[in-house]
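What follows is a single structure, written as structure tokens, with notes after it.
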Amino acid sequence: MFLTLTLLRKGIPGKQWIGKYRRPRQITWQMKRNTLKHLEREAANEYWISRPYMTPEQEYCHAVERRAQNWLKIKEAKFSNFPEHKYMTDHLSHLQITKTWSS
């Protein structure tokens, strides 16, 4: 297809590296090497993923205490920024309600 396009037309229309009728990139030895390294890395990852560290029985509820402790830390950190309670006496203390008219 690309041969036909180049023979019938005198070049690729528009930008040569983008679009529907773009020119295909040359595959270099570095690209092949990088792809091979990537596939080998994926194969190694698949190998280690396929062998679990813990059995499902060991994994069940193994981190309940740690997660509870983490949740308590988060909760305490959240409430540490919470302002102190304010009472009505604090809001109304400036009114001087204990003074009498006669004195």
Point to revise | For Gln30, all residues meeting side chain to side chain donor-acceptor pair (under 3.5 Å), sequence neighbours excluded | key: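 Once residues adjacent in sequence are excluded, the partners of Gln30 under the side chain to side chain donor-acceptor pair (under 3.5 Å) criterion are Thr28.
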Review point. So does Arg33 have more than 12 non-hydrogen atoms from other groups sitting under 6.0 Å from CZ?
Key: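 Correct, the count exceeds 12.
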Can you tell me how far the [atom1] atom of [X] sits from the [atom2] atom of [Y], to the nearest 0.5 Å?
X     : Y     : atom1 : atom2 : result
Arg67 : His62 : CZ    : NE2   : 9.5 Å
Leu72 : Gln69 : CG    : CD    : 6.0 Å
His91 : Met88 : NE2   : CE    : 6.5 Å
Ser80 : Lys75 : OG    : NZ    : 13.5 Å

Exercise for review: Check the angle between the aromatic planes of Phe82 and His85 and answer parallel, tilted or perpendicular using the 30° and 60° thresholds.
Suggested key: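 Phe82 and His85: perpendicular rings.
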Practice item. Among Ile, Leu, Val, Met, Phe, Trp and Tyr joined by side-chain contacts under 4.5 Å, find the other residues sharing a cluster with Tyr47 and list them by chain and number. Key: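 Grouped by the 4.5 Å side-chain rule, Trp48 form the rest of the cluster around Tyr47.
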Check your understanding: Apart from Tyr53 itself, which Ile, Leu, Val, Met, Phe, Trp or Tyr residues share its cluster (side-chain heavy atoms under 4.5 Å, direct or through members)?
Key ->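 Met54, all in the cluster of Tyr53.
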Check your understanding: Just by modelled atom types, is the Thr35 backbone N or O under 3.5 Å from a matching donor or acceptor in the His38 side chain?
Key ->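 No, His38 side chain to Thr35 backbone: no donor-acceptor pair under 3.5 Å.
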Point to revise | Nearest atoms (heavy-atom pairs only) where Arg22 meets Trp17 | key: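 What the structure gives for the nearest pair is CD-O, 3.4 Å.
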